[in-house]
A.B. asks: 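The structure follows.
Computed from a prediction, not measured in an experiment: that's the story for all the values here. Atom set for the values below is all heavy atoms of this structure, side chains included, hydrogens, waters and symmetry mates excluded.
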Amino acid sequence: MTTNDLTPTPAPAPAPAPAPAQDSPFRDERTARDEAPQFVLPLVARIERDAPPARTDALETAARAVLVMLSDTRSLGDGEWAEAMRSWQDARIRKVVRRARGAEWRRAEALPGITVAGKSAEVRVFPPVPLDGWPKDLARLQVSGTDLDDPEPPADPDPAAPVLWLNPEVDMSAGKAMAQAGHGAQLAWWDLDDAARAAWRDAGFPLAVRTAAPAHWQALTTAGLPLVRDAGFTEVAPGSCTVVADHRALRG
């Protein structure tokens, strides 16, 4: 799976706080959020046939793209994307990752959004759209087939950088994992205080995405860190724990 300015604008103001746990956007059971109009955050990954990005870099770039969108001034206050962002965050927090190449990617770049580049990956994130109201140039892009590999095993993450840990027991396509990494990054952003958010943003949102070892995963899920429980719309069973966001500022 895979969302006109190309450069994000730093934001001095924080993103909205999360809803109380009993009304979480990531609960699999029905909540009041299901009664609100449903929006989705579109992300589009550039996947050229002859030069696909590395899987881990694509996941990390997608997570940073979500953070860039959350912190951009256009997403806050009276910004041009703020109303759509509020509507999206008042409902389920859905993200859909589509893939594009060649002319498809050029058409996607012409739409209002932000392109974030990694080492080998490019991901463009767009302001939220109604679930059934995608722009035609995004709606025609493929969701399935986003299969990526790492040419070599990822290095150990920088101990000073936030890490989004994937559940080792849940098998996900690259597109699904990109969306889940974005969820984890968003939960971490919500849980940070203003000073920690500003420091992370000003540093360019450094982060790593890695698959946890089974024993480490068990420890992570009981550490009180932000935990994504998937609503089960695609690929994984409802309520599956997919990502834990580990940020030094979130540990007491």
Side-chain angles (χ1 to χ4, degrees), residues 14-29 31 33 41 43 55-71 88-89 92-95 97 154-172 174 176-233 235-252:
Q22 64 268 24
D23 190 25
S24 167
F26 298 107
R27 292 171 70 98
D28 57 296
E29 65 268 27
T31 74
R33 287 176 172 273
L41 187 78
L43 299 103
R55 178 185 174 97
T56 295
D57 188 43
L59 270 58
E60 293 172 349
T61 304
R64 284 197 303 275
V66 171
L67 293 165
V68 167
M69 174 59 75
L70 287 167
S71 62
W88 172 58
Q89 293 180 88
R92 290 286 184 174
I93 305 298
R94 301 187 191 214
K95 300 177 180 73
V97 182
D156 290 340
D158 181 346
V163 182
L164 305 173
W165 292 104
L166 303 178
N167 186 339
E169 298 180 354
V170 175
D171 186 28
M172 295 182 283
K176 178 69 172 181
M178 289 168 73
Q180 296 298 301
H183 290 339
Q186 185 166 359
L187 286 183
W189 178 254
W190 276 347
D191 280 7
L192 292 171
D193 61 28
D194 290 353
R197 287 180 180 179
W200 199 14
R201 182 194 64 229
D202 293 347
F205 294 119
L207 57 85
V209 178
R210 297 290 188 273
T211 299
H216 186 207
W217 177 255
Q218 292 300 319
L220 287 165
T221 58
T222 58
L225 295 166
L227 172 63
V228 178
R229 293 182 182 273
D230 192 65
F233 294 120
E235 292 195 30
V236 302
S240 298
C241 299
T242 56
V243 180
V244 171
D246 192 0
H247 190 297
R248 181 176 293 179
L250 297 176
R251 288 185 174 268

A.B. asks: Under 30°, 30 to 60°, or over 60°: which ring-plane class applies to Trp189 and Trp200, parallel, tilted or perpendicular?
C.D. replies: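 Correct class here is tilted.
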A.B. asks: How long is the gap from CG on Asp191 to CD on Gln186, to the nearest 0.5 Å?
C.D. replies: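 Asp191 CG to Gln186 CD: 11.0 Å, rounded to 0.5 Å.
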A.B. asks: Write down the atom of Arg197, the atom of Leu192, and the distance for their closest heavy-atom approach.
C.D. replies: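 Looking at all heavy atoms of both residues, the closest pair is NE-O, 3.4 Å.
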A.B. asks: Rounded to the nearest 0.5 Å, how far apart are OG1 of Thr211 and CG of Leu166?
C.D. replies: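 Output value for this atom pair is 4.5 Å.
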A.B. asks: Give me the atom names and distance for the closest heavy-atom approach of Ala160 to Arg248.
C.D. replies: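 Looking at all heavy atoms of both residues, the shortest contact is CA-NH2, 3.4 Å.
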A.B. asks: Return the minimal non-hydrogen interatomic distance between Val170 and Cys241, and the atom names on each side.
C.D. replies: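 Smallest heavy-atom distance, with atoms named: CG2-O, 3.9 Å.
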A.B. asks: What pair of heavy atoms forms the shortest contact from Pro157 to Val163, and how long is it?
C.D. replies: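 Looks like CB-CG2, 3.8 Å.
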A.B. asks: For the atom pair NZ (Lys176) and CG (Asp171), what is the distance rounded to the nearest 0.5 Å?
C.D. replies: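 It is 12.0 Å, given to the nearest 0.5 Å.
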A.B. asks: For the pair Asp246 and Arg251, find out whether any cationic side-chain nitrogen is under 4.0 Å from an anionic carboxylate oxygen.
C.D. replies: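 Yes, charged N to carboxylate O under 4.0 Å.
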A.B. asks: Do Trp190 and Pro226 come within less than 4.5 Å of each other through their side chains, counting heavy atoms only?
C.D. replies: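 When only atoms from C-beta onward are counted, Pro226 and Trp190 do not touch, as no gap falls below 4.5 Å.
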A.B. asks: For residues 178-187, which residue pairs pass the salt bridge (charged side-chain N to carboxylate O under 4.0 Å, His left out) check, not counting sequence neighbours?
C.D. replies: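 Residue pairs with at least one partner in residues 178-187: there are none.
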A.B. asks: So, taking the atom named CZ in Arg94 and the one named NE2 in His183, what distance separates them when rounded to the nearest 0.5 Å?
C.D. replies: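 If I round to the nearest 0.5 Å, the distance is 10.0 Å.
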A.B. asks: Measuring from His216:NE2 to Thr221:OG1, what's the distance to the nearest 0.5 Å?
C.D. replies: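 One finds 10.0 Å between NE2 of His216 and OG1 of Thr221.
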A.B. asks: Is there a side chain to side chain contact (heavy atoms under 4.5 Å, CB included) between Trp88 and Lys95? Walk through the geometry before answering.
C.D. replies: CA-CA 10 Å; Trp88 172 58; Lys95 300 177 180 73; 4.1 Å; yes
A.B. asks: Hey, what do you get for CG (Leu41) to CE (Met69), rounding to the nearest 0.5 Å?
C.D. replies: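 Here the interatomic distance stands at 6.0 Å.
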A.B. asks: Of all heavy-atom pairs between Ala212 and Pro168, which one has the smallest distance, and what is that distance?
C.D. replies: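 Result for this residue pair: O-CB, 3.1 Å.
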A.B. asks: Going by side-chain contact (heavy atoms from CB on, under 4.5 Å), name the residues that satisfy it together with Ala63, two or more places apart in sequence or in a different chain.
C.D. replies: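 side-chain contact (heavy atoms from CB on, under 4.5 Å) list for Ala63, sorted by chain: Leu164, Ala181, Ala185, Leu207.
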A.B. asks: Of all heavy-atom pairs between Ala174 and Leu59, which one has the smallest distance, and what is that distance?
C.D. replies: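 So the two residues come closest at O-CD1, 3.9 Å.
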A.B. asks: Applying side-chain contact (heavy atoms from CB on, under 4.5 Å), name anything that partners Ala155, two or more places apart in sequence or on another chain.
C.D. replies: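 So Ala155 forms no side-chain contact (heavy atoms from CB on, under 4.5 Å) with any residue.
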A.B. asks: Is there a donor-acceptor pair closer than 3.5 Å between any side-chain N or O of Arg210 and the backbone N or O of Thr56?
C.D. replies: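 Side chain of Arg210 to backbone of Thr56: no pair is present.
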